[in-house]
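Take a look at the structure below.
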Amino acid sequence: MTTSAQPAEKLPSQQTSTIDMKDIVALCKRRGFIFQASDIYGGINGFWDYGPLGTELKNNLRDYWWKSMVTTPPVGPDGHPVQIVGLDSAIIQNPEVWVASGHVGGFSDPMVDCRETKKRYRADHVRVLVPKDRSDNKPWISFMEGMEVNERAKKLGKAGYNLSDPEDAIFWNTELIKLPYEDYENILAPDAKKKGTLTDPKEFNLLFETGVGASEQDRTTAYLRGETAQGIFINYKNVMDSSRVKMPFGVAQVGKAFRNEVNPRNFIFRSREFEQMEMEWFCHPDEASKWFDFWKAERKKFWESIGLSQDNILMRDHEADELVFYSKGTCDIEYKYPFTAPDFGELEGIANRGDYDLTQHQEHSKTKLEYLDPERNNEKYLPHVIEPAAGLTRGVLALLCEAYTIDENRPSGVYLNFHPRMAPKKAAILPLMAKGEQPEVAEKLYMELREEFAVDLDIKQNIGKRYARQDEIGTPYCFTIDDETLADGTVTVRERNTMAQERIALNEVAKYLREKIKA
RNA sequence: GCGGGUGUAGCUUAGUGGUAAAGCACUAGCCUUCCAAGCUAGCUAUGAGGGUUCGAUUCCCUUCACCCGCUCCA
């Protein structure tokens, strides 16, 4: 990340470059979007509470995702809508689920620290050149995977080795974790000057442990789910057997997930409790790559349709060396958050997972998960899986960052430019004066609109203050009742972004809102 | 996890080893016919714990949280 680098010339028109996360966090607290969890107790690292407006915003995003997946899924390449069903699985499952998925025991990453340079490395990425005679009169040099041979030669030279022979004639090139800890005193850490500074590798397990059973004696260890996806895989057979779906089809789920992040950072971007929107798309192995491309395009459209600008979205295909071993392709949809800019940070990951998950669960559960395909001459196969996995809470953060707009020409100095579909409040109903018949007419309109939309009724204080407040929470429209309303049945609509006003008929207000939200 | 920084009201800031001050915001009332106007009143703070002291918001220690950098993110 190169956040410290300043552009050579500052363009005053590009206000977005001056947006500071601190201001967004402050607005979120001030207006009731997001609070530090356990605030009155001094907080707790990595957890956040959603306030009245944050909850509305998050629900809007969640519901729209659900609609776009389950209620009105997209039209597939064959011209017909694809088939996706919903699921809501338990947060706590049989611990074996997480053994099968690899989250427990399998590949949790051991880490080593360097006491001299204070750097930390993934132990399985550090390699060591061990002299074949295991002589300890010179340090054994270590390096990160991928370091060039001639770079290594320089290090060896510095360490006092004679370079006349090829490296592999003198050394075993081995992984750090394969060496016993007694050997560490001979090892020169990748960036250190003195040998013997690496600590014993520490195991990290990112899953939260909990205990099932009310009495201490009967309690067994279980885990809070680290992702919602596994709940889908373990219900794959139940869904197949109960809901008349046939290949290809998807199963969608929204819910909380928990990871003991080593270092929660950047507001709600990396937190220990977060919310995911995941869909697992099951298909014939031969069609996986076609569907992978289909879902990449669909998911990009989704984020654009709720107001994220193309400039702030990046589709980034993973490099081969970045892929987890079972993945046949992964594409991250990244967003240019203020704290990553000018770089991007993950918002959603679309992965071609092959048949890895079903294979694992088939083995561990000893339950057959193959599909008998009547449309392919009763071919039996384990479906391959395409997984668009979005962060709901990261989506909320992206919406907030995208919406945050500085405007010194208005009283609030800032407004939230939410797409009307996402705005926590769709409109405010404001009587210009708090006396006479205006409040009564306003309340009547409010009672009508609230049946269909999340709306605010605000009667007190002068109109400017009320507009300013609605700007700060991103309400796209304000309907103002004045004496003219009483005389001719029209109201003023005030549009958030332009502050422009027009008069429309009182009985057209609901229709007006409906059209604007759909647009 | 390491290093650096910060912590006084919702926000921005003041101040002091001896009753914690102000502006804005917020709430109520008055006033007000379209963008945080005015008048009156009100609410709210030294992150937490311990130590030194007659007395600590101030000095010391611990801890918690946040920010920046590194590390990490199966």
Side-chain angles (χ1 to χ4, degrees), chain A residues 1-4 20-23 25-32 35-48 51 98 101-125 190-191 199 202-207 226-227 259-267 269-272 274 322-327 339 345-346 349 407 409-415 430-436 438 460-472 478-486 491-494 496 498-501 503:
Chain A
M1 274 184 261
T2 53
T3 43
S4 58
D20 191 339
M21 269 318 285
K22 265 188 204 155
D23 298 326
V25 174
L27 175 67
C28 284
K29 180 178 183 184
R30 179 155 39 94
R31 290 302 181 189
F35 309 120
Q36 170 77 51
S38 307
D39 199 8
I40 62 171
Y41 287 95
I44 176 167
N45 193 328
F47 296 88
W48 300 90
W98 303 105
S101 71
H103 289 76
V104 175
F107 37 76
S108 66
D109 298 330
M111 308 291 298
V112 286
D113 290 314
C114 173
R115 294 191 199 88
E116 179 191 319
T117 61
K118 311 293 183 198
K119 291 198 178 211
R120 165 174 290 178
Y121 311 93
R122 267 181 72 162
D124 58 337
H125 286 186
D191 300 285
T199 62
K202 262 179 268 180
E203 286 285 339
F204 281 77
N205 188 347
L206 266 41
L207 286 189
E227 59 179 27
R259 293 181 197 178
N260 245 324
E261 292 291 351
V262 176
N263 194 355
R265 275 291 164 93
N266 292 324
F267 198 30
F269 181 77
R270 174 164 297 121
S271 48
R272 290 181 164 138
F274 57 103
E322 198 181 353
L323 293 173
V324 283
F325 66 89
Y326 52 78
S327 177
F339 50 82
E346 188 183 351
D407 180 2
N409 295 319
R410 67 176 70 206
S412 56
V414 65
Y415 66 102
L430 313 171
L432 193 55
M433 305 294 300
K435 59 185 184 186
Q438 290 180 17
K460 299 288 179 74
Q461 297 181 318
N462 76 57
I463 191 72
K465 279 192 186 185
R466 286 177 283 166
Y467 283 152
R469 264 202 294 268
Q470 296 299 333
D471 279 349
E472 272 204 334
C478 290
F479 299 107
T480 307
I481 313 297
D482 56 16
D483 284 343
E484 229 178 304
T485 309
L486 307 176
V491 298
T492 305
V493 190
R494 184 256 194 194
R496 174 195 62 205
T498 59
M499 297 191 280
Q501 302 188 350
R503 290 199 81 88

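Side chains are part of it too, since the values below use all heavy atoms of this structure and drop only hydrogens, waters and symmetry mates. In what follows, chains are A, B, ... by sequence order, proteins preceding strands, each numbered from 1.
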- Message: From CD of A:Glu472 over to C1' of B:A25, roughly how many Å is that when rounded to an integer?
- Response: 10 Å
- Is there a side-chain contact between A:Asn266 and A:Met21 (heavy atoms, below 4.5 Å)? no
- Query: Taking the P atom of each, how far is B:G49 from B:A14, in whole Å?
  - Reply: 26 Å
- Message: Rounded to whole Å, please give me the gap between CG in A:Asp23 and C1' in B:G10.
- Response: 15 Å
- Counting any heavy atom closer than 4.0 Å, what does A:Arg410 reach on the DNA or RNA strands: base, sugar-phosphate only, or nothing? nothing
- Would you say A:Asn462's side chain and A:Lys465's backbone share a donor-acceptor pair under 3.5 angstrom? yes
- Identify the nucleotide, in any strand shown, that forms a Watson-Crick or G-U wobble pair with B:C2, with both distances under 3.5 Å; if there is none, say none. B:G69
- Task: Drop me the distance from A:Lys29's NZ to A:Gln36's CD, to the nearest 0.5 angstrom.
- Result: 9.0 Å
- Of the nucleotides B:A36, B:C35, B:G1, which one has an atom closest to the side chain of A:Gln501? B:C35
- Task: Please state whether the phosphate of B:C31, meaning OP1 or OP2, lies under 4.0 angstrom from any side-chain nitrogen or oxygen of A:Lys435.
- Result: no
- In the structure shown, which nucleotide is the Watson-Crick or G-U wobble counterpart of B:U12, with both distances under 3.5 Å? B:A22
- Message: Pairing check on B:G38: which nucleotide meets the Watson-Crick or G-U wobble criteria with it, both distances under 3.5 Å?
- Response: B:C30
- Message: Without decimals, in angstroms, what is the distance between A:Lys465 NZ and B:U32 C1'?
- Response: 12 Å
- Message: Taking only the C1' atom of each, what is the distance from B:A48 to B:A41 in whole angstrom?
- Response: 34 Å
- Item | A:Ser271 OG to A:Ile44 CD1 distance, which is reported to the nearest 0.5 Å | 12.0 Å
- Task: Under 4.0 Å between any heavy atoms, over every strand shown, what does A:Glu227 touch: base, sugar-phosphate, or nothing? Just pick one.
- Result: nothing
- Rounded to the nearest 0.5 Å, how far does CZ of A:Phe269 lie from CD of A:Glu346? 7.0 Å
- Sugar-phosphate only, base, or nothing, as touched by A:Ala26 at under 4.0 Å among non-hydrogen atoms: nothing
- With a 3.5 angstrom cut-off on both distances, give the Watson-Crick or G-U wobble partner of B:A48, or none if there isn't one. B:U62
- Item | Between P of B:C35 and CG of A:Asp407, the distance in whole Å | 15 Å
- Item | Distance test, side-chain N/O of A:Asn462 to OP1/OP2 of B:A37, below 4.0 Å | yes
Any N/O pairs under 3.5 Å between the protein and nucleotides 63-67 of chain B? List them or say none.
residue, atom, partner, partner atom, Å
B:C64, O2', A:Gly42, O, 3.4
B:A65, OP1, A:Asn45, N, 3.0
B:A65, O4', A:Gly42, O, 3.0
B:C66, OP2, A:Asn45, ND2, 3.2

- Message: If I pick the P atom on B:G7 and the same atom on B:C11, what distance separates them, to the nearest angstrom?
- Response: 14 Å
- For B:U52 and B:G4, measure between their C1' atoms and round to the nearest Å. 28 Å
- Distance in angstrom units between A:Asp39 CG and B:U44 P, rounded: 18 Å
- Same-atom distance (C1') from B:A56 to B:G15, integer angstrom: 15 Å
- Query: Quick check: does any side chain N or O of A:Arg259 sit under 3.5 Å from a backbone N or O of A:Gly226, one acting as donor and the other as acceptor?
  - Reply: yes
- Message: Rounded at 0.5 Å granularity, tell me how far CG in A:Leu432 sits from OG1 in A:Thr492.
- Response: 8.0 Å
- Query: Within a strict 4.5 Å, meaning less than it, do heavy atoms of the A:Tyr467 and A:Pro411 side chains meet?
  - Reply: no
- Message: Is the shortest side-chain heavy-atom distance between A:Gln461 and A:Leu430 below 4.5 Å?
- Response: no
- Task: Quote, to the nearest angstrom, the C1' distance that separates B:C67 from B:C26.
- Result: 27 Å
- Note on the structure: Side-chain atoms of A:Lys29 come closest, of B:C34, B:G10, B:U32, to B:G10
- Interatomic distance where OH belongs to A:Tyr467 and P belongs to B:A37 [whole Å]: 15 Å
- Whole angstrom is fine here: how far is it from CG in A:Asn263 over to P in B:C2? 11 Å
- Note on the structure: Scanning both residues in full, the closest heavy-atom pair of A:Ser412 with A:Ala468 reads CB-O, 3.7 Å
- Item | B:A65 to B:C59 separation - P atoms, rounded to the nearest Å | 23 Å
- Task: Select from A:Arg30 and A:Leu207 the residue whose nearest nucleotide in RNA chain B is closer to the 5' end of that strand.
- Result: A:Arg30
- Any-strand Watson-Crick or G-U partner of B:U57, both distances under 3.5 Å: none
- Message: Would you say that A:Glu227 contacts A:Trp98 through its side chain, given a criterion of any heavy-atom pair below 4.5 Å between the two side chains?
- Response: yes
- Message: Please give the distance between the P atoms of B:U58 and B:A22 as a whole number of Å.
- Response: 22 Å
Might you list the N or O atoms of the protein lying below 3.5 Å from N or O atoms in nucleotides 27-29 of chain B, with each pair's distance?
residue, atom, partner, partner atom, Å
B:U27, OP2, A:Gln461, OE1, 3.4
B:U27, OP2, A:Gln461, NE2, 3.4
B:G29, OP2, A:Lys460, NZ, 2.8

- Picking from A:Arg466, A:Arg30, A:Arg496, what satisfies salt bridge (Lys or Arg N to Asp or Glu O under 4.0 Å) with A:Glu472? A:Arg30
